[in-house]
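Below: one structure, written as structure tokens.
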Amino acid sequence: MQFTHNADHPLEDEVARVVRRYFENMNWPFERLPIGIDFKARTTASDSRIVDYELRDVLLHGKVRIYFNFIFLLQNESAFIRHIVPHEVAHVFAQAESYRRGITIKEHGPEWQKWLATISADAIQAAKGPGDIFDDRSIRLFKGGTPIRCSCPGNDGYKVIAQSSEARLSEVVCPKCEVGYAKTGRDDAPPEVMCFYEYLANETSVRSDI
Ligand SMILES: [Zn+2]
Ligand SMILES: [Zn+2]
């Protein structure tokens, strides 16, 4: 049980294979630092860390936990595999280095950048990754955000803002149609938003943890 995951979708299997290859290529000591990958539709961004770690005879032991947000994987698998996957794997390598050397590092500092460049030449060297590629409207809606609409037709005119921003709604206009936004109902959400919203609603009840 040195490499485990809860993939139940072909795209998740693909991600698990890619992750395994990154670690194998760097001669990762799976026996000391077993890897567990958790695929979930959640409201939080993908994340990775080494837990329960300790140095024994100068060798690092612990458990690697990587969580990938299935919503964003499903929305754009090529961007996810190209950018998000190496981004999270590089965090694990950088953390292992910092724990082994007993130093504190910045989350997206030079050590992380070095590892990211080592494992993937194409991945974006930015803390947020290619944020704009992914659509977080379903997540905002699920977290109780306020759906609003401008005059742009269909999917383009639908946005979700945080409840706390509602008071300033009258101050902004859509740069495209130049019309202000008005609150709209949840049932006005385009199908591409509702589809991911349902993933979020179901995920909490159906899928097991690793
Ligand atoms: Zn990061
Ligand atoms: Zn508009």
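When a ligand or atom number is given, it counts from 1 through the structure's own listing order. Because the structure is predicted, anything quoted here is derived from the model rather than measured.
Nearby protein atoms of type N, O or S around the Zn ion (ligand 2) amount to 4 (distance under 2.8 Å).
Each of Asp188, Thr184, Asp156 was checked for a side chain to side chain donor-acceptor pair (under 3.5 Å) with Arg149, and the lone residue meeting it is Asp188.
Using a 30° and 60° split on the angle between ring planes, Phe134 and Phe72 fall in the tilted class, from 30° to 60°. Using a 30° and 60° split on the angle between ring planes, Trp115 and Phe93 fall in the parallel class, below 30°.
For the residue pair Thr146 and Glu166, a side-chain donor N or O sits within less than 3.5 Å of a side-chain acceptor on the partner.
For the Zn ion (ligand 1), the nearest N, O or S atom contributed by His87 is named NE2.
In this structure, Arg42 is positioned above the aromatic face of Tyr67, its NZ or CZ under 6.0 Å from the six-membered ring centre and within 45° of the axis.
Under a 4.0 Å N-O distance rule, the pair Arg100/Glu97 does not qualify as a salt bridge.
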